[in-house]
There are 2 protein chains.
Amino acid sequence: MSLAAIETQSQEPVKNGRKSASEVPDTRFDRRLADVLTHASRIFWEKGYEGASMRDLSRATGMSLAGLYHYFESKEELLYLIQKHTFTTIIERLRQRLEDATDPEERIRIFIHNHLEYFLANKEAMKVLTHEDETLKNGRGAEIAAIKRDYYRICLGLLEELGRAQGLQFSGRLAVLSLFGMVNWIYTWHNPRIDADANSLARQMGDLFLHGVIHAAKPKRKNSKRKL
Amino acid sequence: MSLAAIETQSQEPVKNGRKSASEVPDTRFDRRLADVLTHASRIFWEKGYEGASMRDLSRATGMSLAGLYHYFESKEELLYLIQKHTFTTIIERLRQRLEDATDPEERIRIFIHNHLEYFLANKEAMKVLTHEDETLKNGRGAEIAAIKRDYYRICLGLLEELGRAQGLQFSGRLAVLSLFGMVNWIYTWHNPRIDADANSLARQMGDLFLHGVIHAAKPKRKNSKRKL
DNA sequence: TAGAGGTTCGAACGAACGTTCGGTTAGCTC
DNA sequence: GAGCTAACCGAACGTTCGTTCGAACCTCTA
């Protein structure tokens, strides 16, 4: 996992927000911070945010307790940096992949595949993102919540596309949140030794969800374009 | 929520396991313990297990810090008692309701309805159950894990019934865990002011899931009993 | 090679944590 | 009302928590 050149650019000024948006410096500082964040993700993943201590992180990184604070200003900012980087990366990749596709069903499959692929490849950070959902407070919490809302809206948009294309009538909100449940719950059960990989899981969950939505929804009254 | 007459009967002896299995004493002790557990559920729900302190619980119950320990032996047992009672209650209710029904599709709808109804009526305890999944250690953790496995197996059995009845071939494990994701994720989003109630949600999620399973699965090769 | 600034550290801070101890109070039986 | 046990409490225990301070170290430039 490369966390280099992390952008903070928070609404409230933070210690590390010292680069302009476009350039990618990858200095020694950035590389070391990325290394620390990787270790922090693993520790939060194992023990939860509250259960993890800065001394655990000190032990894992081999850095002194005081030395860690050269790279961030508080434990809370640590969580914020992990969540922000994870969320923005998954959304960025999704946007790129959606550019290629126009078929509504295909676009929803891309959403599911992108989510699962990133989830399984970065399970520590993704559990920290989903499990520690309400942990951040005030400004930082609001910023992550805004990104989450973006992600929700993208998915809702994809489903409304599908509904229009096939002339379906259903609750987009319930469908999106059901889908989020399906794909996010993975961190509680996925075992790489016995469970399928991201491609296979995405196909199966895509089948389950899409057939569910399409066949459970009632067709709109007039001008229904739904096949059969 | 009535938590009276809680049975502990752990594998390892616990302080409160002092009643035989069948009788329902409902003594002053039991009633006060149930009251404490209700408050504890709410605090764990708000702040998480690690984030909640015994002083929070002391404040909420109006009881002294030392006085609390008259009712349980540790904070961990507190979590254990909440999880055990919640899980056994939901399973007990499910078993009763399943007695009436024979149609496989109907039985899965009963499962979903039972889960959602209890979830929305006891959201604090149910979040504590699902969110603090890996918190308990050793004996107590193993005991809750065993109950969870029971619950999983019941659901898997219902799905296999459906598969046999309709001649479907699909991964029961993936279907069960997807369903669990859908229904358990609720605690992250359900807002009683804007979202539907348990009956309506159970119907919609039942539609989504059942149509998904039935239409996504490929029919078995020979002796398919599937209608149409 | 001197100086500057980025990097790292040992040691400690005050606060909060879960739990315990010795003792007091309340409710019950005789 | 004496005697007993369950119920409860104030005060503290020892530990761990996130964070900070001043000083040292390293690395690069002038």
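Residue numbering restarts at 1 for every chain, and letters A, B, ... go by the order of the sequence lines.
- Residue A/Arg32 has a polar side-chain atom (N or O) positioned under 4.0 Å from OP1 or OP2 of C/dT8.
- Screening A/Arg203, A/Arg109, A/Arg97 for a salt bridge (Lys or Arg N to Asp or Glu O under 4.0 Å) involving A/Glu117 leaves a single residue, A/Arg97.
- Going from atom CZ of A/Phe29 over to atom C1' of C/dT7 covers 10 Å, rounded to whole Å.
- Sorted by first then second residue, the salt bridge (charged side-chain N to carboxylate O under 4.0 Å, His left out) pairs that include residues 50-61 of chain B, not counting sequence neighbours, are B/Lys47-B/Asp56, B/Asp56-B/Arg59.
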Within the sub-3.5 Å range, which N or O atoms of nucleotides 17-21 of chain D have a protein N or O partner, and how far apart are they?
from   : atom 1 : to      : atom 2 : distance (Å)
D/dG18 : OP1    : A/Ala52 : O      : 3.2
D/dG18 : OP1    : A/Lys75 : NZ     : 2.8
D/dG18 : OP2    : A/Met54 : N      : 2.9
D/dG18 : N7     : A/Arg55 : NH1    : 2.8
D/dG18 : O6     : A/Arg55 : NH2    : 2.8
D/dT19 : OP2    : A/Tyr69 : OH     : 2.7
D/dT19 : OP2    : A/Lys75 : N      : 2.8

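- An OP1 or OP2 oxygen of C/dT7 is reached within less than 4.0 angstrom by a side-chain nitrogen or oxygen of A/His70.
- Applying the side-chain hydrogen bond (donor to acceptor under 3.5 Å, both in side chains) rule to A/Lys148 yields the partners A/Asp133; only residues at least two apart in sequence or on another chain are considered.
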Please write out each protein N/O paired with an N/O of nucleotides 27-30 of chain C under 3.5 Å, distance rounded to 0.1 Å.
none

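- Evaluation of the side chain to side chain contact (heavy atoms under 4.5 Å, CB included) rule for B/Asp100 yields no partner, not counting sequence neighbours.
- At whole-Å resolution of the value, CG in A/Leu68 and P in C/dG6 are 19 Å apart.
- The distance from atom CG of A/Leu33 to atom P of C/dG6 is 16 Å, rounded to the nearest whole Å.
- Under the side chain to side chain contact (heavy atoms under 4.5 Å, CB included) criterion, B/Arg42 pairs with B/His39, B/Trp45, B/Glu46, B/Ala60, B/Glu124, not counting sequence neighbours.
- Put simply, the residue from A/Ile186, A/Asn184, A/Thr188, A/Val183 that forms a side chain to side chain contact (heavy atoms under 4.5 Å, CB included) with A/Thr130 is A/Asn184.
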